[in-house]
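Presented below is the structure to which this report refers.
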Amino acid sequence: MMPDITPSSQSPSSQSPAQSSTQSPLPSETERLADRIVDMIRTQTSKPAIELHVEAADGTAIEGQRLRDCGMDALAVPDLLDTKYGGPFLLPDDYELPVNPGNGVPMVLLAQWNFERLPRLEGFPQNGLLQCFVDATDDDPDQDFTQTTDDGNDSTDGNDDSENDKAWESWKIRYIPANLLSTDAPHAAQVITPHWQLRHGCVKPTQVPFDDENMQFKLHGELTTSPMGVTDYRYEDLLESCLDQLDDGDRELFDDEYADMENLLFQRISGDGHRLGGYPLFTQDDPRTYMDEDDAADLVMVAQINSIEFKMMFGDNGIGHIFIPSAALHDTDFSQAFYQWDCY
């Protein structure tokens, strides 16, 4: 058996360069290959995005274990116009309160983004407030919820749709121009506070991720770049094109160590986090997989809303997204945007 030799028992001259060095060990061959593939993916796909972080009371970003374990008193308190998750929101004059169309119960603010208080992101509005609301009940008015128009045709939410009736949606997205974000005349805005009823006295509505009605999170944004992530519906084709550029030895290494390579690539470009723009991370299939190819390719990810463990959970640690056609984003027409979430 080899003796147990500790550094303290060795003279300086007997220590190997690896033992005496403070540098990190060299990456393994699989790590080297993963980094090379990620460089290819970043070069081909990276685009501007805004990375969002929950803000602590001292103004610093708070995340990971610290965010999971902290109390709400350790977090910054957002104002009505901050970029944030949850909490009260402004309802400008002449704007309707978002409600469940079946029972009239007001929806809850899931998230809002104030573009004037965020870094400028190419292709996105420079000001105004984007809001996303979710149903505060588990009362589904019926997937065939329609209203009859004067001409006898059915339409969802009273809007004529000559092709297909849209199913009732448990969310609402709207954009408020900057000139309406005021509590002063002539466009006085009401302040609406969130409320929902617990089922059986303890179960919150399915669409509401917050643990309680008073929970809200102020978000701080930083401009970054975002590469395509491993759950994007185009990723497999992109990866294959990268592998085609490898020499025979690296391609054989990738195939032989496929499981490890998958894990290393996920660690590097999962697409996790809270974000405006960039690419999404899904816990289930990318919903664009099942869309018309041209329609799917035209969609822009507006926002990614991640779970905050033990505080704001989409089901089992899920994640939400807002998508919009590129032309609609250019025209600031968020009536064409849609929201979806999935979980493990």
Side-chain angles (χ1 to χ4, degrees), residues 49-55 61-63 67 72 75-92 95 97-98 106-119 121 124-125 127-136 169-176 178 181 191-196 204-222 271-278 280-282 300-309 311-315 317-324 329 332 334-335 337-343:
I50 296 175
E51 201 71 28
L52 298 168
H53 303 279
V54 176
E55 188 171 312
I62 182 170
E63 52 194 347
L67 178 57
M72 294 304 295
L75 302 181
V77 179
D79 66 38
L80 287 168
L81 296 181
D82 274 329
T83 295
K84 65 174 185 169
Y85 296 148
F89 62 92
L90 287 179
L91 181 67
Y95 273 64
L97 182 66
M107 290 185 170
V108 170
L109 178 70
L110 170 63
Q112 69 178 28
W113 301 267
N114 188 330
F115 294 107
E116 191 169 359
R117 298 185 181 182
L118 290 167
L121 186 59
F124 280 62
N127 53 40
L129 195 68
L130 180 65
Q131 297 177 318
C132 180
F133 300 89
V134 292
D135 184 38
E169 292 158 346
S170 57
W171 47 265
K172 183 175 180 63
I173 297 167
R174 72 177 179 199
Y175 172 79
I176 302 176
L181 299 176
V191 177
I192 308 297
T193 56
H195 176 69
W196 60 83
K204 63 184 176 65
T206 303
Q207 302 297 327
V208 176
F210 308 106
D211 274 4
D212 66 60
E213 297 170 349
N214 297 317
M215 194 162 283
Q216 55 179 335
F217 302 89
K218 182 178 180 180
L219 301 173
H220 171 75
E222 296 180 357
D272 200 7
H274 310 271
R275 188 177 308 110
L276 283 174
L281 165 68
F282 299 102
V300 177
M301 188 186 82
V302 176
Q304 176 166 287
I305 311 165
N306 210 344
S307 287
I308 298 174
E309 200 165 5
K311 293 178 173 66
M312 187 183 98
M313 298 284 285
F314 294 94
N317 210 26
I319 192 163
H321 300 94
I322 296 175
F323 291 95
I324 191 172
L329 178 60
T332 324
F334 285 95
S335 68
F338 69 90
Y339 162 76
Q340 70 89 43
W341 67 272
D342 51 62
C343 69

Minimal non-hydrogen separation, Met107 against Ser170, with atom names: CE-C, 4.0 Å

CG on Asp342 to CD1 on Ile319, rounded to 0.5 Å: 7.5 Å

Partner of Arg117 under side chain to side chain donor-acceptor pair (under 3.5 Å), chosen from Asp82, Thr83, Asn127: Asp82

Side-chain heavy atoms of His321 within contact of Phe282, under 4.5 Å: yes

Residues Phe89, Ile176; criterion side-chain contact (heavy atoms from CB on, under 4.5 Å); working and verdict: CA-CA 12 Å; Phe89 62 92; Ile176 302 176; over 6 Å; no

Over 12 non-hydrogen atoms of neighbours within 6.0 angstrom of CD in Glu116: no

Shortest non-hydrogen contact between Gly315 and Cys343, atoms and distance: CA-SG, 4.1 Å

Point-to-point distance, once rounded to the nearest 0.5 Å, from CG of Leu110 to CD of Gln207: 9.5 Å

Distance-only side-chain donor-acceptor flag, Gln340 / Trp171, under 3.5 Å: no

Pairwise side-chain contact, Cys132 with Ile322, heavy-atom cut-off 4.5 Å (strictly under): yes

Minimum-distance pair of heavy atoms, taken over all atoms of Pro88 and Leu109: O-CD2, 4.0 Å

Heavy-atom check, side chain of Leu130 versus side chain of Pro125, under 4.5 Å: no

Test item: Phe210 and Lys204 side chains (from C-beta on) under 4.5 Å apart, heavy atoms: no

Side-chain heavy-atom pair Phe115, Ile50 within 4.5 angstrom cut-off: no

Flag, side chain of Gln304 to backbone of Gly278, donor-acceptor distance under 3.5 Å: no

From Leu80 atom CG to Leu129 atom CG, the distance as rounded to the nearest 0.5 Å: 10.0 Å

Side-chain heavy atoms of Met72 within contact of Lys311, under 4.5 Å: yes

Side-chain heavy atoms of Lys84 within contact of Phe217, under 4.5 Å: no

More than 12 heavy atoms of other groups within 6.0 Å of Lys172 NZ: no

His274, Gln216, Lys218 screened by side chain to side chain donor-acceptor pair (under 3.5 Å) with Tyr85, the one that passes: His274

Student check: side-chain heavy atoms of Phe124 and Leu118 closer than 4.5 Å: no

